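Comments concern the structure below.
What you see is a predicted model, and the numbers here were worked out from it, not measured in a lab. Just so it is clear, the values below take in all heavy atoms, side chains as well, and ignore hydrogens, waters and symmetry mates. The first residue of the sequence shown is numbered 1, and numbering continues consecutively from there.
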Amino acid sequence: MASTAEIKAQLQAAIEQANEASGAIGASMSQLETAVASGMEATQETSSALPGEAIGQYQQARERLEEVLGLIQSANGTFEQYMNTI
């Protein structure tokens with residue numbers, strides 16, 4: 001059976017990995033914002049509904065990434081609480 005110190009070290013490593021993932025997600029969110037702006041600029045004079053649909057999908061993707069960031073932060077906090085109890 002792993003010692004308390006080993007368990008805490010493994011959980012801390014998991015938190016650090018999740019923080020790295022959060023950074024990548026943040027970068028993805030920024031890139032999506034750029035994609036939205038580029039798409040809007042490129043299609044501002046079109047009468048087609050398709051570009052608007054695509055922009056909406058980009059925005060929805062960004063919102064979901066924001067939700068993911070919240071879940072990661074929540075999970076990290078829960079692991080930290082657990083580490084404080086062992």
Pair up each side-chain donor or acceptor in residues 49-73 with any protein partner under 3.5 Å, not counting sequence neighbours, and list the distances.
residue: R62; atom: NE; partner: E33; partner atom: OE2; Å: 2.6
residue: R62; atom: NH1; partner: E66; partner atom: OE1; Å: 2.7
residue: R62; atom: NH2; partner: E33; partner atom: OE2; Å: 2.8

Sequence neighbours excluded and cut-off under 3.5 Å, please list the side-chain donor-acceptor pairs for residues 76-86, or say none.
residue: N76; atom: ND2; partner: N19; partner atom: OD1; Å: 3.0
residue: T78; atom: OG1; partner: S74; partner atom: O; Å: 3.0
residue: N84; atom: ND2; partner: E80; partner atom: O; Å: 3.2
residue: T85; atom: OG1; partner: Y82; partner atom: O; Å: 2.7

message = If I take atom CD from residue E6 and atom CD from residue Q10, how far apart are they, to the nearest 0.5 angstrom?
response = 7.0 Å

Under 3.5 Å, which donor-acceptor pairs do the side chains of residues 36-47 form with other protein atoms, sequence neighbours left out?
residue: S38; atom: OG; partner: T34; partner atom: O; Å: 3.1
residue: T43; atom: OG1; partner: G39; partner atom: O; Å: 2.6
residue: T46; atom: OG1; partner: S48; partner atom: N; Å: 3.2

